Number of protein chains: 2
Amino acid sequence: MGTEQAAEDADAMRADSLAREIFTGVADKWSLLIIEVLRDRTLRFTELRAEVAGISHKMLTQTLRRLERDGVVHRTVHPTVPPRVEYRLTDAGRSLRDTVNGMCAWSRTHLDEIEASRHRFDEQQHA
Amino acid sequence: MGTEQAAEDADAMRADSLAREIFTGVADKWSLLIIEVLRDRTLRFTELRAEVAGISHKMLTQTLRRLERDGVVHRTVHPTVPPRVEYRLTDAGRSLRDTVNGMCAWSRTHLDEIEASRHRFDEQQHA
DNA sequence: CGGTATCCCTCCCGATACTG
DNA sequence: CAGTATCGGGAGGGATACCG
């Protein structure tokens, strides 16, 4: 029993660290912005690049690869010439998007409050 | 009217970019982890540092300052010796935490699915 | 104990160029 | 059009030391 308990604990720890790794992998600026703009649409690489605003060619491919690998976005390659590659959220991606939407909504609803807080804070510093 | 409409548009654009700035300011690994571990507790600097696991002294202060400035965390200094500084989430912080919790939950519930997706992806690459 | 400052180095990310 | 490779600058972030 002692050993069984130890094995369970080890599993729990592995799961925890994996969960944290997944969380921190997804919890970054570009990933979240991509998930946000994809919504329930299907976008091509160039369209995505235009929508995200500020992301470089390289960062977009890098981030899309990670998201694809984690099964958050689905990538469809149409073997035409010129090539046509389309990205859309998977089911898992859509469920993640729902929480990202919450963060976006938070940013918008707390806009004025945050601006005010910043001004207060900056004044305190000068005093 | 033309000019009124233009002014409204300008305001909307300002609000949008500010919202995006706030979003990307908060949407980073360390900020979200701090918000997550604070939950509804009050923690001291050192406790926080122990809980977040992996964060450096410098990053913790930096991130806490940003969160304090944005009115997400509240900082209480007890003028004792040695000093005692406590951090807790503000109301705004707690509402943000709810969405962060969603992301954490997502990481945990999709653990196996993501691991499987990664294995599939990695095999494809070798072929 | 908590915060600030300094140094220093890593690696992130953008710019550019080339392939299919 | 989409992706890969390479390179270089610069910010991010760690380690250390020192103040209050």
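Keep in mind the model is a prediction, meaning the values are calculated, not measured. Throughout, a chain's letter reflects where its sequence line sits, starting with A, and its residues are numbered from 1.
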Task: Cluster overlap B:V85 with B:M59, hydrophobic side-chain contacts below 4.5 Å - done: yes
TODO: Find out whether B:L33 and A:R20 are in side-chain contact, i.e. whether some heavy atom of one side chain is under 4.5 Å from a heavy atom of the other.
DONE: yes
Task: Length of the line joining A:L43:CG and D:dC1:P, which is rounded to integer Å - done: 15 Å
Task: Interatomic distance where CZ belongs to B:F45 and C1' belongs to C:dC1 [whole Å] - done: 9 Å
Task: Nearest to side-chain heavy atoms of A:S56, which nucleotide of D:dC1, C:dG3, C:dG14 - done: C:dG14
Open item on the list: Is there a side-chain contact between A:R75 and the phosphate of D:dG3, meaning an N or O under 4.0 Å from OP1 or OP2?
Closed with: yes
TODO: Can you tell me the distance, in whole Å, between the CH2 atom of B:W30 and the P atom of D:dA11?
DONE: 22 Å
Task: Strand-adjacent residues in residues 57-74 of chain B, judged by heavy atoms under 4.0 Å from DNA chain D - done: B:K58, B:M59
Open item on the list: Whole angstroms only, please: what is the CG-P distance between A:L48 and D:dC1?
Closed with: 15 Å
- [ ] Please state whether the phosphate of D:dG3, meaning OP1 or OP2, lies under 4.0 angstrom from any side-chain nitrogen or oxygen of A:Y87.
- [x] yes
- [ ] Using a heavy-atom cut-off of under 4.0 Å over every strand shown, decide if B:R44 touches base, sugar-phosphate, or nothing.
- [x] sugar-phosphate
TODO: Compare the minimum distances between each of D:dC1, C:dG14, D:dG20 and the side chain of B:P83, then state the nucleotide with the smallest one.
DONE: D:dG20
Task: Gap between atoms CD1 and P, on B:I55 and D:dG14 respectively (whole Å) - done: 8 Å
- [ ] Determine, for B:E115 against B:R118, whether the closest basic-nitrogen to carboxylate-oxygen distance falls under 4.0 angstrom.
- [x] no
Task: A:H78 NE2: over 12 foreign heavy atoms closer than 6.0 Å - done: yes
Open item on the list: Within this structure, what is the OG1-CD distance for the pair A:T90 and B:E113, rounded to the nearest 0.5 Å?
Closed with: 7.0 Å
